[in-house]
Amino acid sequence: MSQAHLHLGQTLSFVADPFEQGPEAVRVDAQGAVLVQDGKIADLGSAADLRKRHQKAAVTDHGDALILPGFVDAHAHYPQTGMIASWGKRLIDWLNTYTFPEEMRFADPAYAAEVAGRYLDLLLDNGTTTVCSYCTIHPVSVQALFEAAEARNMRVFAGKTCMDRNAPEGLRDTPQSAYDNSRVLVREWHGRGRASYVITPRFSPTSTPEQLEALGALWAENPDCLMQTHLSEQLDEIAWVKGLFPEARDYLDTYEAHGLLGAGGLYGHAIHLEPREKDRLREVGAALIHCPTSNTFIGSGLFDMAGLIAQGQRVGLATDTGGGSSFSMLRTMAAAYEIGQLRGTALHPAQLIWLATQGSARALRVDDKIGNLAKGMEADFTVLDLASTPAIAQRADRATDIWEALFPTIMMGDDRAIKATYVAGKSMMP
Ligand code: GUN
Ligand code: ZN
């Protein structure tokens, strides 16, 4: 057993879902404490009680900073790190002009390793402890991300992006090689340490029906893997899908018909859904991943958070780096709030924080391991300075409760608000 470590500060944990119970679902202890031992949360409570109970523990006092679960980014493309914030295109042109040429570079294992390490360090700087990322079609790009995650002991989800049409030479595999290469990666990485392999057809326009079928078969053979893809992001994309799959009832049907609809399915964007699609997604218990900075940056549309949650959909939150314009889940929560406002619903800060932590962990089906501060959970947590800039400090200063104190950091905060990030109890700050 390693030495126990007591972290003192304001602590934030969930006792229920704030979309069901409101802010009462969140417990904030102004003088709280978290005890970490062997990478897990061994105790949680008031500073006074825990100090008494664990007198031999080492102590780190975070003052009045807020200790909360590490952020969980449920959809990102780590290979797009170097071309984030590329100007002036919409989805299909953006992919062809900026994304595909950059993804081509990941055939080089040294380049993939360099970007993977840089990307995970950027996440940690932003308080994110888990990500679910696309890689490129190159198996070495998956290897690079899982190796970088293993070196940092991070719980990371990733998969080889599969594309066998409508992508340039050098970025295309085949139904058979997509299946074979993905299968080898599942065997090598799924469940190794904190790694989880995710079966990853990029989206229907870049896969033939034969490739979708092959990946559907792989998923059926490995039902405890998640499957990630994109769904109904832009109207032009949806029209393209209808042209490519004339038999399909709708966009979701292009996945459903090939065994790619299920409870472990993660459907990125899901903005322009038809009623049948919503019904099927809810019936199977799939997850919809909201990527708000991407949806405004690429001009995709306004996700219907309130309507979809009221319907009982499982929703996660994500940056979608580099279609998304940020690595920060604070900035992502702010954009989710703004899109909510444009659709007539003000999301409460308790709901925003839940989406960025336990909600995304639930989408990834690991909410029994991460996404909350509770006994037995893995000790991935973030320490937030609620007065990280003069502009934020002067606003937080007049707050009368924790939500008013936290909201300026959600709306205006960035990596300067991250005082520390802990992965399995270990500080990841330089
Ligand atoms: N649809 C298919 N591929 C991508 C991608 O890389 N980014 C976004 N935002 N949408 C996609
Ligand atoms: Zn994406």
Side-chain angles (χ1 to χ4, degrees), residues 73-106 115 119 131-138 141 145 157-168 171-173 178 198-207 211-212 215 226-241 244 251-252 254-255 260 265-272 287-303 316-327 332 335 339 360 363-364:
D73 183 345
H75 177 129
H77 300 256
Y78 96 83
Q80 297 171 16
T81 298
M83 45 67 73
I84 192 170
S86 290
W87 183 84
K89 303 283 182 192
R90 295 173 71 86
L91 180 60
I92 307 305
D93 284 346
W94 174 85
L95 283 171
N96 287 317
T97 311
Y98 297 121
T99 312
F100 291 158
E102 177 63 18
E103 292 194 4
M104 211 87 88
R105 300 180 66 183
F106 287 72
V115 177
Y119 172 72
V131 67
C132 182
S133 182
Y134 290 64
C135 301
T136 65
I137 72 141
H138 314 97
S141 73
L145 186 64
F157 294 74
K160 176 195 123 67
T161 296
C162 299
M163 299 197 273
D164 68 344
R165 65 169 163 177
N166 295 317
L171 270 195
R172 289 195 305 267
D173 49 17
V198 186
I199 295 164
T200 308
R202 182 178 212 118
F203 67 156
S204 292
T206 49
S207 287
Q211 179 165 83
L212 296 175
L215 293 173
L226 300 177
M227 188 287 305
Q228 62 183 346
T229 191
H230 296 84
L231 177 67
S232 294
E233 181 177 1
Q234 287 209 345
L235 298 176
D236 289 358
E237 170 209 10
I238 296 168
W240 191 22
V241 169
L244 290 168
Y251 194 158
L252 185 67
T254 64
Y255 299 127
L260 293 170
L266 308 166
Y267 300 88
H269 304 288
I271 300 170
H272 310 282
L288 313 184
I289 310 299
H290 179 34
C291 307
T293 73
S294 170
N295 299 161
T296 52
F297 182 76
I298 317 187
S300 302
L302 305 177
F303 183 83
L317 186 67
T319 59
D320 191 32
T321 300
S325 54
S326 177
F327 298 94
T332 302
I339 289 179
S360 284
L364 300 177

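The figures here come from the full heavy-atom set of this structure, side chains too, leaving out hydrogens, waters and symmetry mates. Atoms within a ligand are numbered from 1 in the order they appear, just like the ligands themselves.
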Exercise. Any nitrogen or oxygen of D320, main chain or side chain, under 3.5 Å from a nitrogen or oxygen of ligand 1?
Worked result: yes

Exercise. Under a 4.0 Å heavy-atom limit, does H269 contact ligand 1 with its side chain, its backbone, both, or neither?
Worked result: side chain

Problem set entry | Check: S207 and D164 side chains under 4.5 Å, non-hydrogen atoms | yes

Seminar exercise, completed: Within a distance under 2.8 Å of the Zn ion (ligand 2), the protein atoms of type N, O or S are H75 NE2, H77 NE2, H230 NE2, D320 OD1

Problem set entry | T99-ligand 1 polar pair, N/O distance under 3.5 Å | no

For this session: Please state which part of T206 comes within less than 4.0 Å of ligand 1, counting heavy atoms only: side chain, backbone, both or neither.
Result: neither

Exercise. Does T229 reach the side chain of R202, with side-chain heavy atoms less than 4.5 Å apart?
Worked result: no

For this session: Output the list of atoms in ligand 1 that are nearer than 4.0 Å to some heavy atom of I298, sorted by atom number.
Result: 9 (N)

Problem set entry | Test side chain to side chain contact (heavy atoms under 4.5 Å, CB included) applied to H290 and N295, D320, I271, the passing residue | N295

Seminar exercise, completed: One should read off an interatomic distance between T319 OG1 and H75 NE2, to the nearest 0.5 angstrom, of 8.0 Å

Seminar exercise, completed: Partner of Y78 under ring pair (Phe, Tyr, Trp, His ring centres under 6.0 Å), picked from Y134, F157, F106, is F106

Seminar exercise, completed: For atom 3 (N) of ligand 1, the closest protein heavy atom turns out to be R202 NE, 2.8 Å

Problem set entry | Contact check, side chains of L91 and W240, non-hydrogen atoms, under 4.5 Å | no

Exercise. Looking at ligand 1, does Y134 have a heavy atom less than 4.0 Å from it?
Worked result: no

Seminar exercise, completed: Taking only non-hydrogen atoms of L95 and a 4.0 Å limit, the atoms of ligand 1 in range are 3 (N), 4 (C), 5 (C), 6 (O)

Seminar exercise, completed: Near F203 (heavy-atom distance under 4.0 Å), the atoms of ligand 1 are 1 (N), 2 (C)

Exercise. Tell me, do H272 and Y251 make a side-chain contact under 4.5 Å, heavy atoms counted?
Worked result: no

For this session: May I ask you to test the V198-S133 pair for a side-chain heavy-atom distance under 4.5 Å?
Result: no

Seminar exercise, completed: So the atoms of ligand 1 within less than 4.0 Å of a heavy atom of L91 turn out to be 8 (C), 10 (N), 11 (C)

For this session: Would you indicate whether the side-chain heavy atoms of S300 and H269 approach each other to under 4.5 Å?
Result: no

Exercise. Taking the minimum heavy-atom distance to atom 10 (N) of ligand 1, which of Q80, M163, E233 ranks first?
Worked result: E233

Exercise. At what distance, to the nearest 0.5 angstrom, does CD1 of I137 lie from SG of C162?
Worked result: 8.5 Å

Problem set entry | Student check: side-chain heavy atoms of E233 and C291 closer than 4.5 Å | no

For this session: For the residue pair L244 and S204, establish whether any side-chain heavy-atom pair is separated by less than 4.5 Å.
Result: no

Exercise. Side chain, backbone, both or neither: which part of W94 has a heavy atom under 4.0 Å from ligand 1?
Worked result: side chain

